[in-house]
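Beneath this line is the structure, given in structure tokens, with notes to follow.
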Amino acid sequence: MIMSKGAFSTLPATEPKLYSKLVQFQTKRRRLVDLNAVYEDSLSSGSPLGTVIGFHGTPGSHRDFKYVRQRLEHMNIRFIGINYPGFKQTPAYPGQHFGNWERNSYSEALLNELDVPGKVIIMGHSRGCENALITAANRKPHGLVMANPTGLRINKGSRPKGKLESLIYLHKKLPKKIGDAILYNLMKLVGFKIHDGEEAVAVIRAIMNCDLEKQLEYILKLNELPTKTMITFGGSDHLIEKEIVFEALKKYQGLAHFNFKANITESEKQKIMESFKNQKGTSVFIAKDNHFQNKKRADLLADAARSMLLN
């Protein structure tokens, strides 16, 4: 069932159900870390339909998928929201590296502890799409949904890299209190929703350590899997140029592509959902969409996850 266009806006707002679990994982320097991982789990008893696992952007948290989760709850689909260390939910830890190797070491440890049964859909937004892609290539889930992915080369959000490196160098040279205050104000000035200087540093380091072109290895692995796939992106994204995502799409196989200017009718949405029956999946470009399709297109993302689970 595809709910009507107005159905999402009438869904009752519900608060996230947060849990914590002690996990042990290995850092890039081969050091073991014990960390209290905070995560969201909308239906801890499980769902007969399946589970969607969300990987947030930078900055971000389980709240990135608030509207997706509400729609999934209405459809009796479990949602688990991972919180990466250093972004005010799961705590940071000494010597933390913000690259994908260490991020995935952490999320893999949590997923192993949770041991989610049944069909699983991996969902990522923005920076989190890199980790979602890696996880899907390694875990071979039933489906993968990526909204506003980073692409395979430097984008507006990470350009110029030298400037980001200079900010981190400056922070190291200054007293921590002063360095935190400077980076906090700079990041707030350019529009990042952060809480303090420590999170500002975490955001910069996470952006600096995007894999970009290194993702190709995992795209090629994904092409060999039966994992259903959906990629959505917008033409008014202020961080990731549409040309970069269109270039990356050429590396994926078996995706039916759809172009829209702004609105998607119910009949058009139905055609998108049918692509999961006939082939591997779909890519959807919406010209007027910005970087936050996790909110604006929550209905599309949730309905795609449901269609994947049913096909």
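Given the structure is predicted, the values throughout are model-derived calculations rather than measurements.
The six-membered or imidazole ring of Tyr93 lies near that of Phe25, with a centre-to-centre distance under 6.0 Å. A centroid separation of less than 6.0 Å is found between the aromatic rings of Phe233 and Phe246.
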Can Asp289 and Arg297 be said to form a salt bridge (charged side-chain N to carboxylate O under 4.0 Å, His left out), step by step? CA-CA 9 Å; Asp289 273 13; Arg297 300 297 171 183; 2.8 Å; yes
Evaluate the side chain to side chain donor-acceptor pair (under 3.5 Å) criterion for residues Ser126 and His291: first the C-alpha distance (whole Å), next the side-chain angles of each, then the deciding distance (0.1 Å), finally the verdict. CA-CA 8 Å; Ser126 188; His291 188 69; 2.8 Å; yes
Which is it for Gln253 and Lys280 under the side-chain contact (heavy atoms from CB on, under 4.5 Å) test, yes or no, and what are the steps along the way? CA-CA 8 Å; Gln253 295 178 359; Lys280 187 176 180 71; 5.7 Å; no
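Met308 is not listed as a side-chain neighbour of Thr227, based on a closest heavy-atom distance of 4.5 Å or more.
Applying the side chain to side chain donor-acceptor pair (under 3.5 Å) rule to Asp41 yields the partners Arg78; only residues at least two apart in sequence or on another chain are considered. For Asn294, the side chain to side chain contact (heavy atoms under 4.5 Å, CB included) partners are Asp64, His125, Phe292, not counting sequence neighbours.
The cationic group of Arg69 does not satisfy the cation-pi geometry with Phe79, failing either the under 6.0 Å distance to the six-membered ring centre or the 45° limit from the ring axis.
Glu108 and Asn104 share no donor-acceptor pair across their side chains, judged by distance under 3.5 Å alone. With hydrogens and angles left out, the side-chain atoms of Ser61 and His56 include no donor and acceptor closer than 3.5 Å. For the residue pair Gln293 and Thr232, a side-chain donor N or O sits within less than 3.5 Å of a side-chain acceptor on the partner. For Arg127 and Asn100, the side-chain atoms include at least one donor-acceptor pair closer than 3.5 Å. Looking at Thr14 and Gln70, their side chains never bring a donor and an acceptor atom within 3.5 Å of each other.
If you take CG on Leu110 and CG on Leu35, they are separated by 10.0 Å, rounding to the nearest 0.5 Å. We find the CZ-NZ distance between Phe260 and Lys288 to be 15.0 Å, quoted to the nearest 0.5 Å. Here CG of Asn148 is found 7.5 Å from CG of Asn290. Values are rounded to the nearest 0.5 Å.
A salt bridge between Glu198 and Lys176 is present, with a side-chain N of the basic residue lying under 4.0 Å from a carboxylate O of the acidic one. Ion pairing between a basic and an acidic side chain is recognised when a charged N comes within 4.0 Å of a carboxylate O; Asp237 and Lys156 show no such pairing.
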